[in-house]
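Step one of this worksheet: look at the structure below.
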Amino acid sequence: MTTEDDPSLTSADEPPLSKGALEKNQQIQGKMESCAAELSDVNETAKKEMAAGTALQQVESTLARSKSVENKVQECADDLHELNVVLAREVDTHEELNRELMETGRKLSTTQNILSKTQDDLAIAHEVGVEANALLMRSEEIHTELRRDITKGQVAEARLFEEKESLRITLSCIGDAVITTDISGKVTYLNLAAETMTGWTSQQAKGLPLPDVFHIVNSQTNESAPNPVERVLREKQPVGLVLHTLLTHRSATSFLIEDSATPIRDQHGDLIGAVLVFHDITHAQKMATQMTYQASHDALTGLINRHEFERRLEHALQTGKQDAKQHTLLYLDLDQFKIVNDTCSHLAGDELLRQLTSVLQTMLRSNDTLARLGGDEFGVLLESCPTEPALRMADLLRQTVQEFHFVWKNKVFQLGASIGLITFGNDKEELTDILRMAHAACHLAKDKGRNRVQIYTSENKELAQRHSEMEWVGRIQKALKEKRFVLYSQKILQLGNDVKNGNHYEMLLRMRDEEGTLVPPMAFIPAAERYGLMCRLDRWVIATAFAQYEGRHPPGSAMGTCAINLSAASICDENFHEFVVAQFDLYKVPPGGICFEITETSAIANLAQAAILIRKLKALGCRFSLDDFGSGMSSFTYLKHLPVDYLKIDGGFVKDMMDDPIDRAMVEAINHIGHVMHIETIAEFVENNAILEALRTMGVDYAQGYGVEKPRLSEFPILPSI
Ligand SMILES: Nc1nc2c(ncn2[C@@H]2O[C@H](COP(=O)(O)OP(=O)(O)OP(=O)(O)O)[C@@H](O)[C@H]2O)c(=O)[nH]1
């Protein structure tokens, strides 16, 4: 920068006056002007005086004034001089300042140059700085990336280590044996299980060809088995399990193994070796064999079971149809076997079954099959054996059972066998038909007095009856499933004067067939009794009657009596009491409103169980009726043991009592005995008013039959089947 550029700087020939000098100058000017004015005035005055010849005295005064002005002028001159001195000094100072200013200006210019240069430099430096900063940031980024890469690398390394370690530990811990090889099939590694199974350590085996370490043969042919790794390396794909492989340990012991091999590839997918995995299946094989055995054999006797027997029977049936060969099926049921259980415990029964079946087995040919079908029932399949020789064999078996003496704790038991026999071959029958027919024949053998062989023939009427009963089993089960059972009720009329409150009625079970037609109970009850379905039916009746109870007896009405029949099967069912208690809880039915009816014959046949059940249910508040009373031979004798509330006089005596004096006498006797024992009496089959009135006269307490009311369909909802 130059001095011209700076307005604060003045030229050297126009030295500025200081403010003091200016003021002084102005004072001097003023003073001089006043001196000049006074002097002019004095001059004027003097001139006038001289012209006028003014007196001296007055001239002197003017002179004095002139003197004073002179003095003042002198003062002004002095002041001026002084001012000049000051000004001169100021000028000096100013010059000095000017010089200094010049110098400063020069320096400033230099500084400005330097500054400008410096600014340029700074700009450059700034640019450099920005670049440097960018570089720094980049370098930091690179550093961060590097650090990240390093961390990543470290993490990856750590992870790799961990993975390797866990792989190593896993491999050493797993039950599967693992061998790895390189691409030439030479061993590179054995895990612990592989070491144990081969007898080679990983160290010893390393570098050896696989077959040196892994000796395998086919367990069935004993021939050397192909090397799975060789195949993997050749085919470059996994090789699955090969069955029946036997691995020989270094010590010559061998294991049945399951093995598989897989290629190992590098990151580019190139094959670098193979891994062989195998494990000992000796135990699993044993288990599988055992399970197969258990699935097809009976655990108690070791004979084949029903499932396996049916499979073989089906096979025989098919071959019979193809090659017209005749085979025979024997259905054998032991007679009175229950006695052994009941008198000596189930253990004894089990032992008998074991001993007897092993004896029976010795009687059969090698291609005959003896199977336990369940309980004390057995099946014998005599292949390629027509009726005649089969009958001889059946009788031999029957005799063998009869002659077999089973001894248990000094007790000797002798049994019999009822056998049903059916020969089949080129017929249309199915497996289930054959079994059902043989079973029906066996039942007929029982009915005919047991310990005999009954041949099945389609012409045999008794067998046809059995057969039809068996068919009923399926129909009953289907009806239960399809909810085709219904409940009817029939009034039990009170005859005496002392009329009790509440309805008294009996629930009656009916079945509808698939077309909806009502099936009479006698059509299906015998089959249900014979083939063990009565428990289910009784339970269905109880649950349904209990569910309907509230509808029949709305709250506030008299309790009444709902009579429900119980079969012999329910009397003997250990869980029946528990079931009834649960139903009472479920439907909130007052036990006092329920009367269970059991037939005299079933009660007598199961006297002990019946007495127990009656006591247990009576303890809850239930009542009991002895049904069909008088039909048994010694009814009165047993009555003492059965704490029942009602005797139902057998309808057979009631319906003819008006014409048959013996029947009438029986009715009177039963009524009398009942009353003596404080048991109320109910007459069944009351078909008309005459009978009704006769009974009333006789003092019978209740009457039931068409003459009172026909059974009618319960209008209450039906429960789902149980
Ligand atoms: N000890 C034992 N008993 C069994 C076994 N399986 C079923 N039972 C019993 O075998 C008996 C078979 O019943 P039933 O055939 O009616 O008895 P039974 O005395 O032979 O009667 P009938 O055949 O009419 O002569 C029942 O008491 C079952 O409890 C079992 O594995 N061991």
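Note: hydrogens, waters and symmetry copies are ignored here, and every other heavy atom, side chains too, is used. Counting convention: from 1, in listed order, for ligands and their atoms alike. By convention here, the first residue in the shown sequence is residue 1.
- Between Arg398 and Glu403 there is no salt bridge, since no side-chain nitrogen of the basic residue lies less than 4.0 Å from a carboxylate oxygen of the acidic one.
- Closest to atom 11 (C) of ligand 1 among all protein heavy atoms lies Phe337 CD2, 3.9 Å.
- Proximity of Ile594 to Phe584: side-chain heavy atoms (C-beta onward) are separated by under 4.5 Å at one or more points.
- Between His443 and His439, the ring-plane angle classifies as tilted under the 30° and 60° cut-offs.
- Among all non-hydrogen protein atoms, the one lying nearest atom 26 (C) of ligand 1 is Lys338 CG, 4.4 Å.
- Residue-level proximity to ligand 1 for Arg450 is carried by the side chain, the only part with a heavy atom below 4.0 angstrom.
- Distances from atom 31 (O) of ligand 1 to the protein include at least one heavy-atom value under 4.0 Å.
- Remark: ligand 1 atoms within the under-4.0 Å shell around heavy atoms of Gly349 are 1 (N).
- Residue-environment remark: NZ (Lys448) exceeds the threshold of 12 foreign heavy atoms within 6.0 Å.
- The nearest heavy-atom contact from the protein to atom 29 (O) of ligand 1 is His346 NE2, 3.9 Å.
- The protein atom (non-hydrogen) at minimum distance from atom 21 (O) of ligand 1 is Gln336 N, 4.1 Å.
- At the shortest separation from atom 6 (N) of ligand 1 among protein heavy atoms lies Gly375 CA, 3.3 Å.
- A salt bridge links Asp645 and Lys618; the closest N-O separation between the charged side-chain nitrogens and carboxylate oxygens is under 4.0 Å.
- Which parts of ligand 1 touch Asp335 is read off a 4.0 Å heavy-atom cut-off, strictly below it: atoms 20 (O), 25 (O).
- Contacts classified as side-chain hydrogen bond (donor to acceptor under 3.5 Å, both in side chains) and involving residues 281-292 (residues at least two apart or in different chains) are given here: Asp280-Thr282.
- The environment of NE2 in His672 is sparse: at most 12 heavy-atom neighbours from other residues, nucleotides or ligands sit within 6.0 Å.
- Listed by number with element, the atoms of ligand 1 under 4.0 angstrom from any heavy atom of Arg372 are 5 (C), 6 (N), 30 (C), 31 (O).
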### Query
Are Tyr646 and His504 close enough, and set up right, to give a ring-ring contact (aromatic ring centres under 6.0 Å, His included), and what steps lead you there?
CA-CA 12 Å; Tyr646 304 98; His504 191 160; 5.4 Å; yes
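- When His443, Lys446, Glu351 are ranked by how near their heavy atoms come to atom 22 (P) of ligand 1, first place goes to Lys446.
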Atom pairs and distances, side-chain donor-acceptor, residues 371-380, under 3.5 Å, sequence neighbours left out:
| residue | atom | partner | partner atom | Å |
| --- | --- | --- | --- | --- |
| Arg372 | NE | Gly375 | O | 2.9 |
| Arg372 | NH1 | Asp298 | OD1 | 3.3 |
| Arg372 | NH1 | Asp298 | OD2 | 3.3 |
| Arg372 | NH2 | Gly375 | O | 2.9 |
| Glu377 | OE1 | Tyr331 | OH | 2.9 |

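- In the candidate list Asn451, Asn341, Leu300, Asp350, Asn341 is nearest to atom 4 (C) of ligand 1, counting heavy atoms.
- Heavy atoms of Leu334 found under 4.0 angstrom from ligand 1 belong exclusively to the backbone.
- Atom 12 (C) of ligand 1 has as its closest protein heavy atom Asp376 OD1, 3.7 Å.
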